Student: 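First the structure, which I've put down as structure tokens, then a few questions once you've had a look.
Computed from a prediction, not measured in an experiment: that's the story for all the values here.
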Amino acid sequence: MKDLVASQATTEGRQILHRYATWHLIRRLRRRSRGNDITHTQLNVVRVHLRAAVHLLDWLTDQDLTLASCRQSDLERWMTRDENRLRREAGHFVRRALAQKIARDLSFPAVKWNGPSQAMGDDARRTTARRLLHDDTIRAEDCLAGLLLLLYAQWPASISRLTTGHIEATARNGPHPPR
């Protein structure tokens, strides 16, 4: 993460990014992990949010703007650029900058996360795997995708690229492993 902070062209930008990473992203990650090990995915989310902040600050620098001088019309111009990436993730940074009074008079809509708040435990993983293996109401391709995601930590994008040539089909109602 230090390399992302150091990549910012201005001293002010590096300071803002350092505070955002240290006092918001890492602190929130530690609080949410509740003393458990931090997963690769959780750490990757922190990096993506920091990278989004870097993208926005780089663009502001290119426009001869800072967070303090940025107006809503500038932010909307950045948000609507076709080549722009990580728009949603940058919202966290903008809202934090507003809370810290680094920026003012900006609005960036929030998206509420309705997913899990922590990693799935072993018991829950086994229960879900059993359901995917034995529940005949779930389509076979959905079961397969769910099992790949659940047991082998495959990203949905990787799973979606699989073709029938990648899969060996056998009877679904054959002998089941013991429950």
Student: Using a 4.5 Å cut-off on heavy atoms from C-beta on, say whether the side chain of W23 contacts that of R96.
Tutor: yes

Student: Does some side-chain heavy atom of L60 sit less than 4.5 Å from a side-chain heavy atom of T66?
Tutor: no

Student: Please give me the minimum heavy-atom distance between R139 and E141, naming the atom from each residue.
Tutor: NE-OE2, 3.0 Å

Student: Please report the interatomic distance CG(D135) to OG1(T128), rounded to the nearest 0.5 Å.
Tutor: 11.5 Å

Student: In terms of side-chain heavy atoms, does T11 have a donor or acceptor partner in R14 at a distance below 3.5 Å?
Tutor: yes

Student: Please identify each residue that fulfils side-chain contact (heavy atoms from CB on, under 4.5 Å) with Q72, with sequence neighbours left out.
Tutor: L75, E76, L106, S107

Student: For residues 52-59, which side-chain donor-acceptor pairs fall under 3.5 Å, sequence neighbours excluded?
Tutor:
| unit_1 | atom_1 | unit_2 | atom_2 | d |
| --- | --- | --- | --- | --- |
| H55 | NE2 | R85 | NH2 | 2.7 |
| D58 | OD1 | Q8 | NE2 | 2.9 |

Student: Please tell me if the side chains of I102 and R19 come closer than 4.5 Å, counting only heavy atoms from C-beta onward.
Tutor: yes

Student: With a 4.5 Å cut-off on side-chain heavy-atom distances among I, L, V, M, F, W and Y, is there a chain of contacts connecting L65 to F108?
Tutor: yes

Student: When L50 is tested against each of L25, I26, V45 for side chain to side chain contact (heavy atoms under 4.5 Å, CB included), which residue passes?
Tutor: L25

Student: Relative to each other, are the rings of F93 and Y20 parallel, tilted or perpendicular (30° and 60° limits)?
Tutor: perpendicular

Student: Output all residues satisfying side-chain contact (heavy atoms from CB on, under 4.5 Å) with R71, sequence neighbours left out; order by chain, then residue number.
Tutor: S73, D74, R104

Student: Nearest 0.5 Å please: distance from the CZ atom of R32 over to the CG atom of L29.
Tutor: 9.0 Å

Student: State whether the side chain of Q42 and the backbone N or O of T39 hold a donor-acceptor pair below 3.5 Å, judged by distance alone.
Tutor: yes

Student: Check whether any side-chain N or O of T80 sits under 3.5 Å from a backbone N or O of R77 as a donor-acceptor pair, and report yes or no.
Tutor: yes

Student: If you group Ile, Leu, Val, Met, Phe, Trp and Tyr by side-chain heavy-atom gaps below 4.5 Å, do L17 and V46 land in one group?
Tutor: yes

Student: Look at atom CG of D37 and say whether more than 12 heavy atoms of other residues, nucleotides or ligands are closer to it than 6.0 Å.
Tutor: no

Student: Locate the shortest heavy-atom distance separating H92 from R28; write the atom from each residue and the value.
Tutor: ND1-NH1, 4.0 Å

Student: Is R131 close to I138 at the side-chain level, that is, under 4.5 Å between some pair of heavy atoms?
Tutor: yes

Student: A129: what forms a side-chain contact (heavy atoms from CB on, under 4.5 Å) with it, not counting sequence neighbours?
Tutor: L147, L150, L151

Student: Among all residues two or more places apart in sequence or in another chain, which pass the side-chain contact (heavy atoms from CB on, under 4.5 Å) test with T22?
Tutor: H18

Student: Applying salt bridge (Lys or Arg N to Asp or Glu O under 4.0 Å), name anything that partners D123, two or more places apart in sequence or on another chain.
Tutor: R126

